[in-house]
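Working notes, beginning with the structure itself.
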Amino acid sequence: MLKKLALAVGLMWSLVDMAYAAEAGRVVFTAGQAQVGRHAATLNTAVGEGDELSTGGDGYIYMKTVDNGFLILRPNSTARVVTYSIDKADPSKTQVKLELLRGVARAISGQGVKQARQNFRFNTPVAAIGVRGTDFTVYTDQQTTRVTVLSGGVVMSGFGANCTAAGTGPCEGRSARELFAGQAGLLLQVERGTSVPQLLQNPALAPDQTEKPRSDEPAAKQALSATPAAQVNLDPQRSEQSLNSARPVTPPPASNEPPPVVTPPPVVINDPTPPKPTQPSPPEIFWGRWQALAGLPAQPGRIGDADVEIATYYAPYAITRVKNTELVLPRDGTAAFKLMSGEAIMSNSIGDRPANIQSGQLNMDFSKRTFSTSLDVRAGNDRADVIGNGVITDKGMLYEGIGSPTIIRGYLGGSNAEQAGYIFKNSATPGITVSGATLWGR
């Protein structure tokens, strides 16, 4: 009798748990072999916390989340909703955690996630992925995870001492790497046993090549629309250039009349009116340092002002750019920048010291969307050669590239991309770490 009573009570509490499990979303499309838990996935099937979604060789599941995001599973994939708790009254209490156990999935952030990015985590068997407000695609098996970004950005880290699968929110720190949608053709990869992701330029390894998307997947915000003449870039910074290149040229109507005789205007040898000088753009890039360090007072600069973008940090420095920049990136060509100002701090086992940036170079290749830079930094008898390279996103952001010995975060600015700035950290010189901020012009 007691055994039957215990079973009845256990069943009752199981039903209560199921009734109160938070609903993460509902299935809005399914095809082929697709399941939610042990049951076939059908239209409007509710997906709750703890539910596992899986697909067979021909299966697809599109789940619309309660905050209007999406989780899409492609064939031969298994995912699990660990936590999906959206707090509209206090977004800081929102908690979202998803797992992709195998296969390919696409995650599109809903409004709740966008308001609490610090509380979003997407785990795979080997890596943790956080968002910067994002639409991304992931492939994983038990050994390797790869991610590409369609809109916004991600921060990724392999599991290790400073990043565990049990954690919540993104793993930040020295082993974390970021990837943004403007970095076309690039992907991040983590292999089991390594904590630092590799930045690869190999489209053949992209998740879309492992399991291709259906034609009815939601369109990415930064997707390209094709015309018979050309591809139209929908990035607002370059849209006018792209649209001009794609507009068809209408030939003039045929006529039997001879072409009109055009008399050229007279040539003025000595024009007394001098050309109007080009006015430089006002400063658009600003750096700051929130803490007093190496005898230098804190210098927050304009970090946090209402008219600038959310700052990019790499302790102890941060850098930002005005929100309504007039930047239009050149589509080709190269440019050499001149160091206008900068600050550096040199650290060793003794402590932190202010350092001087004696000279520097910054070169851009706009056709390849890459840059290279070098700095000569000195403090007393110590010297560090800071060398780095990286990529330029379509929004004019600078990030260190594969193999760069220096961590770099920065921006381009000005109507003709004549301004640049970046913060950096370099530990290539034995026993010495150099960090700092620079501003450049041309």
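Quick caveat, the model's predicted, so the values are computed rather than measured.
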- Message: For the CG atom of Leu339 and the CD atom of Gln361, what is their distance to the nearest 0.5 Å?
- Response: 10.5 Å
- If you count the non-hydrogen atoms of other residues, nucleotides and ligands that lie under 6.0 Å from CG in Asn324, is the total more than 12? no
- Task: Measure the CG-OG1 distance between Leu98 and Thr65 for me, rounded to the nearest 0.5 Å.
- Result: 9.0 Å
- With a 4.5 Å heavy-atom cut-off, do Asn348 and Arg353 have their side chains touching? yes
- Query: Is it true that Glu52 and Arg102 have a side-chain N and a carboxylate O under 4.0 angstrom from each other?
  - Reply: no
- Please assess Val113 against Thr94 for the test side-chain contact (heavy atoms from CB on, under 4.5 Å), listing each intermediate value before the final yes or no. CA-CA 8 Å; Val113 172; Thr94 288; 5.7 Å; no
- List the atom of Ala116, the atom of Pro91, and the distance in Å for their closest heavy-atom pair. CB-O, 3.2 Å
- Message: To the closest 0.5 Å, what do you measure between OG1 (Thr370) and CG (Asn363)?
- Response: 10.0 Å
- Message: Is the shortest side-chain heavy-atom distance between Tyr422 and Ile285 below 4.5 Å?
- Response: no
- Query: If only atom types and distance count, is the side chain of Arg121 paired as donor or acceptor with the main-chain N or O of Ala166 below 3.5 Å?
  - Reply: no
- Between Lys395 and Leu327, which heavy-atom pair has the shortest distance, and what is it? O-CD2, 4.0 Å
- Task: Might you confirm whether atom CD1 of Ile310 has over 12 heavy atoms from other residues, nucleotides or ligands at distances under 6.0 Å?
- Result: no
- salt bridge (Lys or Arg N to Asp or Glu O under 4.0 Å) partners of Asp307, counting only residues at least two apart: Arg302
- Task: Test side-chain hydrogen bond (donor to acceptor under 3.5 Å, both in side chains) on Ser175 and Ser195 and set out the steps.
- Result: CA-CA 6 Å; Ser175 63; Ser195 59; 4.6 Å; no
- Message: Under 3.5 Å, is there a donor on one side chain and an acceptor on the other for Ser435 and Tyr314?
- Response: no
- NZ (Lys97) with more than 12 external heavy atoms under 6.0 Å: yes
- Message: Measuring from atom CG of Leu186 to atom OG1 of Thr148, what distance do you get when rounded to the nearest 0.5 angstrom?
- Response: 10.5 Å
- Query: Residues in salt bridge (Lys or Arg N to Asp or Glu O under 4.0 Å) with Arg74, at least two apart?
  - Reply: Asp208, Glu217
- Message: Please tell me whether Thr325 and Glu284 have a donor and an acceptor in their side chains that are separated by less than 3.5 angstrom.
- Response: yes
- Item | From CA spacing to verdict: side-chain contact (heavy atoms from CB on, under 4.5 Å), Phe29, Ile72 | CA-CA 9 Å; Phe29 175 83; Ile72 296 173; over 6 Å; no
- Please name the pair of heavy atoms, one in Phe366 and one in Pro330, separated by the smallest distance, quoted to 0.1 Å. CB-O, 3.5 Å
- Item | Set of residues satisfying salt bridge (Lys or Arg N to Asp or Glu O under 4.0 Å) with respect to Arg117, sequence neighbours excluded | none
- Item | Closest non-hydrogen atom pair between Leu187 and Leu179, with its separation | CA-CD2, 3.8 Å
- Decide yes or no on side-chain hydrogen bond (donor to acceptor under 3.5 Å, both in side chains) for Gln209 and Tyr139, but give the supporting numbers first. CA-CA 10 Å; Gln209 299 303 314; Tyr139 158 80; over 6 Å; no
- Item | Chi angles and distances behind the side-chain contact (heavy atoms from CB on, under 4.5 Å) call for Val104, Thr137 | CA-CA 7 Å; Val104 175; Thr137 306; 3.9 Å; yes
- Item | Tyr411 and Thr312, any side-chain heavy atoms less than 4.5 Å apart | yes
- Partners passing ring-ring contact (aromatic ring centres under 6.0 Å, His included) against Phe136 (at least two apart in sequence or in another chain): Phe122
- Message: Between Ser109 and Thr134 (side chain of the first, backbone of the second, donor and acceptor by atom type, cut-off under 3.5 Å), is there such a pair?
- Response: yes
- Arg214, CZ: over 12 other non-hydrogen atoms inside 6.0 angstrom: yes
- Query: Can you tell if the side chain of Ile86 reaches within under 4.5 Å of the side chain of Val96, non-hydrogen atoms only?
  - Reply: yes
- N-O pairing of Arg369 and Asp394 below 4.0 Å: yes
- With sequence neighbours left out, what residues match Phe180 under ring-ring contact (aromatic ring centres under 6.0 Å, His included)? Tyr399
- Residue among Asp385, Thr406, Thr433 satisfying side-chain hydrogen bond (donor to acceptor under 3.5 Å, both in side chains) with Asn426: Thr406
- Message: Does any part of the side chain of Thr373, heavy atoms only, come nearer than 4.5 Å to the side chain of Trp440, both counted from C-beta?
- Response: yes
- Task: In sequence, state the C-alpha distance, the side-chain angles, and the governing distance for Met156 and Val147, and then conclude on side-chain contact (heavy atoms from CB on, under 4.5 Å).
- Result: CA-CA 9 Å; Met156 185 182 190; Val147 61; 3.4 Å; yes
- Message: Which heavy atom of Asp352 sits nearest to which heavy atom of Ser347, and what is that distance?
- Response: OD1-OG, 2.6 Å
- For Arg26, the salt bridge (Lys or Arg N to Asp or Glu O under 4.0 Å) test, sequence neighbours excluded, returns Glu23
- Minimum heavy-atom distance Gly388-Pro405, with the two atoms named: CA-CD, 4.5 Å
- Message: Within the structure provided, determine whether Leu375 and Phe424 are in side-chain contact (heavy-atom separation under 4.5 Å).
- Response: yes
- So, does Asp141 use its side chain to make a donor-acceptor pair with the main chain of Gln143 at under 3.5 Å? yes
- Message: Within this structure, what is the CG-CZ distance for the pair Asn389 and Phe371, rounded to the nearest 0.5 Å?
- Response: 7.0 Å
- Item | Side-chain touch Tyr317/Glu343, heavy atoms, less than 4.5 angstrom | yes
- Could you walk me through whether Thr334 and Asp365 pass the side-chain hydrogen bond (donor to acceptor under 3.5 Å, both in side chains) test, one step at a time? CA-CA 4 Å; Thr334 61; Asp365 188 329; over 6 Å; no
- Query: Mind checking whether Met364 and Leu412 have side chains closer than 4.5 Å, heavy atoms only?
  - Reply: yes
- If only atom types and distance count, is the side chain of Asn356 paired as donor or acceptor with the main-chain N or O of Gln358 below 3.5 Å? no
- Task: State the CD-CD distance between Gln198 and Glu191, to the nearest 0.5 angstrom.
- Result: 6.0 Å
